Q: 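Structure provided below as structure tokens; questions to follow.
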Amino acid sequence: MLAHLLKAATVTQLNPRQKEAVLYIDGPCLVLAGAGSGKTSVITRKIAYLIEQCDMPARHIAALTFTNKAAREMKERASKLVKGSASKGLTVSTFHNLGLNIIRREHKSLGFKPGFSIFDSEDARSLLKELMLKEGDLDNDHIDLVQNQISNWKNDLVNPARALSMAQSPGEQTIAIIYQRYNQALRAYNAVDFDDLILIPVELFQTNAEVLARWQRKIRYLLVDEYQDTNSSQYLLVQLIVGNRGALTVVGDDDQSIYAWRGARPENMSLLKQDYPSLRVIKLEQNYRSTSRILRVANHLIANNPHEFDKALWSEMGLGDPIRVIRCKNEEAEAERVATEIITQRLQKQYKFRDFAVLYRGNHQARLLEMKLQHHQIPYKMSGGSSFFAKTEIKDVMAYLRLIVNPDDDNAFLRIINTPRRQIGTSTLEALGGYASEREISLFAALDELGLQSRIPEKNLERLQRFAHWVKQVTQNSRGEKPVDAIREMLSDIDYEGWLHQNSASSKAAEKRLENVFYLIESLQKSLDKTANDDEDEESRIEDAIAKLVLRDLMERQEEEDLSDQVQLMTLHASKGLEFPHVFMVGMEEDLLPHRNSIEDNNIEEERRLTYVGITRAQRTLSMTLAGKRKQFGEMSETTPSRFLDELPKEDVEWEGFGEQSAEKNLAKGEETLSSLLNLFD
DNA sequence: AATCCTGGAGTTTTT
DNA sequence: CTCCAGGATT
């Protein structure tokens, strides 16, 4: 009886398709979840269903997402759905976090010392730079290219040896050799990069059946969110964990795949059908977000892309207003128009500022918008921008933390050896570096060696060794009862506060930076408190907490800003997954959307999906704007309206600024294409 | 170490 | 044009 009631509670408020997706557990399941179709509900309900109706303990269920934010939200929603503490032990994490856990647990057999570092892209870049400079055969400009290539190889499970054997040109050969050196260097530093967090577990599972079996026993049901964004190694990780059990539900939307440029393989969706012939495909087409008009426009646009799975969104939210396409004189008029639209609509219709979002293709487009919004005193919030972890003070403190848990982390060592100043110059460091690489040990380890005496003047050596001694002391303290206190003490030892004051533009700026540091330390404390109860291996708690900091996990953003009433400004990419009552899409022009580079690379389909994502963010109204003339690279030039405007259903669109008569004619006949209209009037 | 100069590019970004 | 990185200059 109780079970029956619970079942009812789990499955109510779901539509038939959603219900089917939740209840189907007899085999692999692909949920094609259109925008706004309640995909998170399906995942969280399914988790609840598995726990409560299928008696599957929460600790045997894992759900994977791409961002920490998504993981946090999903975990919260799932635990609310599940009665009592039954959701305890549930894994909801990012791919990278799961990978980190696997490497941590298996670090011995993988040959890593505990406390291994995670190199972020900047660390990786500076390492590559060093390697390439030593090599001498590649020029500095190629660093990005090399970094990208290595990342692509890692995402495609190509190891250095294979990269070398597959190289088509001397250039590729050189990169493959650098790739090999790079991996060796990471090993020497007891470090992994972001891509390794997926790749290493995959390689481990492929070569060690026993370990794989252990993890398969741990994870008995796997759910994957935003499946269209997985890359090859991520999909392989999923396949390995699932094995032949078919205990897999993936949720995704091929029409919202906008990250192919960073390795996502949307074809993983159709691949799934081949790899799991018994795959059940369930489409969620009812949308709970937008008006029919908006969905009609979105469907019509995306129909221009080839489709493996057909899908058409519909909703019961009413027809709604037509989509407006507004052509302005120039980019300034465009930004001005957006600002005045927001002001008048807010006054006339009692909307809040927060009901509006302005979406654009590239960050630079935000500049003018910001100016105009400021001018009209419209409060706005720009998401994106420089991240917390890019700030120098945070990078500095992180480097200290990393060196404490991993003394072999040369990158961290070099970052802080003279921050604050310790009067250790480049020549000293070069001598140390030379010695360390001869002996194939880390810089920090080299400091213990007597052989240094002949290489480095006594005074400088003394300074280095004083530093080393101090670091060891701090390390020891951090293993004590109160690791975070040890960290605080460390910062006061080096008078980091004084250093910040010395190196900030104003004392106000210094305060702000100090606040950031405190926030970081607080997060560390929180994380340690949280894991204190969990029965994890105790020794590695501080290491784990620091590793998670690098992955930006455990940074619980304060919600205060979200409550305030501000217009939302963001890129189309950043808008994925969000929704707003009233959306403006600006810069609907050829070369901007679709972007020029995408036109050149013949990548129109992804740009169309990006447009689709933008359209489907809108709940009530959608306005698109474009500038007739735009300043680019210094000079004003005529623009061409985006081809995507031609692909909108004419009966759902109101045109403005394309010439009065033509607008009427167009509305009446609904036949002419936009470009033919423009030809008439230009 | 701080500042100036020059040249080249000019999308999207999370972990 | 405008912003960066990197190198050269002070």
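Residue numbers start from 1 in every chain, and the chains themselves are labelled A, B, ... in the order their sequence lines are given, proteins ahead of strands. Every value quoted in this text rests on a predicted model; they were computed, and no experiment measured them.
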Q: To the nearest Å, how far apart are A:D601 CG and B:dT11 P?
A: 13 Å
Q: By the 4.0 Å heavy-atom rule, please label A:R609 as base, sugar-phosphate, or nothing.
A: nothing
Q: Please tell me which of the listed nucleotides, B:dT11, B:dT13, B:dT15, lies nearest to the side chain of A:S598?
A: B:dT11
Q: If you check the A:H364 side chain, which of B:dG10, B:dT13, B:dT11 turns out closest?
A: B:dT11
Q: Examine B:dT15: is either OP1 or OP2 under 4.0 Å from a nitrogen or oxygen in the side chain of A:N97? Give yes or no.
A: no
Q: Going by distance alone, is a donor N or O of one side chain under 3.5 Å from an acceptor N or O of the other, for A:R463 and A:N460?
A: yes
Q: B:dT11 P sits how many Å from A:N148 CG, rounded?
A: 16 Å
Q: Distance between the C1' atoms of B:dT11 and C:dG6, in whole angstroms?
A: 23 Å
Q: Name the residue closer to the 5' end of DNA chain B, choosing between A:G362 and A:K69 according to the nucleotide with the nearest heavy atom.
A: A:G362
Q: Quick one: label A:D195 by what it contacts on the DNA or RNA (base, sugar-phosphate, nothing), any heavy atom closer than 4.0 Å.
A: nothing
Q: In whole angstrom, what separates A:D193's CG from B:dT15's P?
A: 16 Å
Q: Is it the case that more than 12 heavy atoms not belonging to A:Q374 sit under 6.0 Å from its CD atom?
A: yes
Q: What is the distance, to the nearest angstrom, from the CD atom on A:E226 to the C1' atom on B:dT13?
A: 14 Å
Q: Atom CG of A:D195 and atom CG of A:N231: how far apart are they, to the nearest 0.5 Å?
A: 7.5 Å
Q: Determine if A:H595 stacks with B:dT11; use a centre-to-centre distance below 5.5 Å and an interplanar angle below 30° as the criteria.
A: yes
Q: Return the value, rounded to whole Å, for the distance between atom CE of A:M570 and atom P of B:dT13.
A: 11 Å
Q: So if I take every side-chain heavy atom of A:R262 and compare against B:dT15, B:dT13, B:dT11, which nucleotide ends up nearest?
A: B:dT13
Q: Taking it one step at a time, do A:D144 and A:R125 satisfy salt bridge (Lys or Arg N to Asp or Glu O under 4.0 Å)?
A: CA-CA 8 Å; A:D144 288 333; A:R125 207 188 122 91; 2.5 Å; yes
Q: Between P on B:dT14 and CG on A:N155, what's the gap in Å once rounded to a whole number?
A: 16 Å
Q: Is there a donor and acceptor pair closer than 3.5 Å between the side chain of A:R361 and the base of B:dT11?
A: yes
Q: Report yes if a donor N or O on one partner sits less than 3.5 Å from an acceptor N or O on the other, where the partners are the side chain of A:S121 and the base of B:dT15; otherwise report no.
A: yes
Q: Can you identify which nucleotide, out of C:dG6, B:dT11, B:dT13, has its nearest atom closest to the A:N597 side chain?
A: B:dT11
Q: Tell me if a side-chain donor or acceptor on A:Q228 pairs with a main-chain N or O of A:M269 at a distance below 3.5 Å.
A: no
Q: The side chain of A:N363 is closest to which nucleotide in this list: B:dT14, B:dT13, C:dG6?
A: B:dT13
Q: Can you check side chain to side chain donor-acceptor pair (under 3.5 Å) on A:T419 and A:D396, steps first, answer last?
A: CA-CA 8 Å; A:T419 307; A:D396 287 345; 5.0 Å; no
Q: Has A:F194 got its ring stacked on B:dT14, by the test of a centre gap below 5.5 Å and a plane angle below 30°?
A: no
Q: With respect to the side chain of A:R421, which nucleotide from B:dT14, B:dA1, B:dT13 is positioned closest?
A: B:dA1
Q: Classify the side-chain pair A:T392/A:R513 by whether it contains a donor and acceptor separated by less than 3.5 Å.
A: yes
Q: Hey, does the side chain of A:R367 come within less than 4.0 Å of C:dT2's phosphate (OP1/OP2), counting only N and O?
A: no
Q: When you compare C:dA5 with B:dT12, how far apart are their P atoms, in angstrom units rounded to a whole number?
A: 15 Å
Q: In whole angstrom, what separates A:R72's CZ from B:dT15's C1'?
A: 14 Å
Q: Using atom P of each nucleotide, how far apart are C:dT2 and B:dT13 to the nearest Å?
A: 23 Å
Q: How long is the line joining CG of A:D123 and C1' of B:dT14, in whole Å?
A: 16 Å
Q: How do A:H573 and A:N68 order along DNA chain B: which one's closest nucleotide is nearer the 5' end?
A: A:H573
